[in-house]
Amino acid sequence: SYCTRLVERGETFSSRLRPSAALEAFHRSSPPLPLMDPISIQDAHDDAADALRMAVALGRNGHVNDQVALLERVLDDCELLLSRAPRDEASFVETEDMYTHALRASLDAIPILCSQARTLGPSRIHNYSKALRVCKRVLGSRLLLPGDIFQVADDISSSIMPECITAARKACSAAEDAAASCEWAKSLRLYSGAIEITEHALERTPPGAASHVETEQVHGTCLEGSLSIARHAYGSALSLDSPNSTCALLEEVLAA
């Protein structure tokens, strides 16, 4: 299918995860423009609409992780458009609808993300962090959204949080095992997923609550482990013969 070929052609698919040229130009402007010009608005809107259609097709063809990644880009673009485009622009209401559609599609994908994470274990720790990012975006949105979206996001976030914390603990153990085998990049990726999950959990639980204290402990363990592995990974990266391998590992170190 077209979507399968698109995913296999990594360069083409990756290009859809980058902001449109119009949005990149807007971000580079210094100081930022108070409003985008009509041509940039239309270009960015068309790119986001195209990406949304592609994301829906990816989901239908079983590429849920790629779908969610592309939907995140759509949501980023829509948020910028809604904050910088004049409300009297014809595309403003269309962008609001597109934003709501992308949010619903992201929420609908969460059960599959979590199912994969349960089945495949720590290697899919980032599925949980993706799920929590979607919920956080909805719950923290300052845009006027249908009320049921907030309720769905709140329910999902609350229901999956315990298993997310359990997954974070397992990811920490898996990260240590990977480090013992000098798989530095794998170890750092596992820690990063666990850290993101525990950060979300700390925001969602009241300070002083037993679950908050427990999560703080897991979060601290993740941070300490990640920093320790980052030191080892940095030394290892500098000793590699391949510049590409060195850069790839240093990127993981910087991310940590």
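FYI, side chains are in, hydrogens and waters are out, and symmetry mates aren't considered; it's all heavy atoms of this structure.
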Let's go through N61 and Q67 carefully: what are the C-alpha distance in whole Å and the side-chain angles of both, what is the deciding distance for side-chain hydrogen bond (donor to acceptor under 3.5 Å, both in side chains) to 0.1 Å, and is it a yes or a no? CA-CA 10 Å; N61 283 272; Q67 176 198 24; over 6 Å; no
If you define the side chain from C-beta out and look only at heavy atoms, does anything of L188 sit under 4.5 Å from S192? no
Between R73 and D47, is there a salt bridge with N-O shorter than 4.0 Å? no
Side-chain contact, heavy-atom cut-off 4.5 Å: Y128 with L113? no
Backbone N or O of H232 within a donor-acceptor pair of the S236 side chain at under 3.5 Å? no
Taking T166 for its side chain and P162 for its backbone only, find out whether a donor-acceptor pair lies under 3.5 Å. yes
Are I112 and I160 linked, directly or through intermediate hydrophobic residues, by side-chain heavy-atom contacts shorter than 4.5 Å (ILVMFWY only)? no
Is the closest side-chain heavy-atom distance between R133 and E196 below 4.5 Å? yes
Linking I/L/V/M/F/W/Y whenever any side-chain heavy atoms sit under 4.5 Å apart, do L190 and L223 land together? no
Kindly compute the distance separating CZ (R104) from CG (L107), expressed to the nearest 0.5 Å. 8.5 Å
Can you measure from CG (L71) to CG (L103) and round to the nearest 0.5 angstrom? 9.0 Å
hydrophobic_cluster_shared for I229 and I195, side chain cutoff 4.5 Å: no
Show, in sequence, the C-alpha distance, side-chain angles and deciding distance for E176 and Y191, and conclude whether the side-chain hydrogen bond (donor to acceptor under 3.5 Å, both in side chains) test is met. CA-CA 9 Å; E176 289 298 321; Y191 271 127; 2.2 Å; yes
Evaluation steps, side-chain hydrogen bond (donor to acceptor under 3.5 Å, both in side chains), between T119 and R124: CA-CA 9 Å; T119 303; R124 287 300 177 92; over 6 Å; no
Pair R204, D154 - check side-chain contact (heavy atoms from CB on, under 4.5 Å), show working. CA-CA 10 Å; R204 292 278 293 163; D154 186 61; 2.9 Å; yes
Side-chain heavy atoms of W184 within contact of E252, under 4.5 Å: no
Side chains of N127 and L120, heavy atoms from C-beta outward: is any pair under 4.5 Å? no
Are I197 and L202 connected, step by step, through hydrophobic side chains (Ile, Leu, Val, Met, Phe, Trp, Tyr) whose heavy atoms are closer than 4.5 Å? no
Is any side-chain heavy atom of C114 less than 4.5 Å from a side-chain heavy atom of I110? yes
As an exercise, state the distance from OH of Y99 to CG of D77, rounded to the nearest 0.5 Å. 11.5 Å
Test your reading of the model: is there a side-chain donor-acceptor pair from T205 to the backbone of A201, 3.5 Å cut-off? yes
When you group the ILVMFWY residues by side-chain heavy-atom contacts below 4.5 Å and let the links chain together, are V134 and I125 in the same group? yes
Could you tell me which residues satisfy side chain to side chain donor-acceptor pair (under 3.5 Å) with K170, sequence neighbours excluded, listed by chain and number? none
Rounded to the nearest 0.5 Å, what's the gap from CD1 on I165 to OG on S211? Could you check? 8.5 Å
Dump the intermediate steps for salt bridge (charged side-chain N to carboxylate O under 4.0 Å, His left out) on K186 and D177, then the final yes or no. CA-CA 10 Å; K186 178 181 178 181; D177 292 341; over 6 Å; no
Sequence neighbours left out, what passes side chain to side chain donor-acceptor pair (under 3.5 Å) with H200? Give chain and number order. none
What is the distance from atom CD of Q151 to atom CG of L139, rounded to the nearest 0.5 Å? 9.5 Å
Side chains of V93 and M98 in contact at under 4.5 Å (non-hydrogen atoms): no
How far does SG of C135 sit from NZ of K130, to the nearest 0.5 angstrom? 14.5 Å
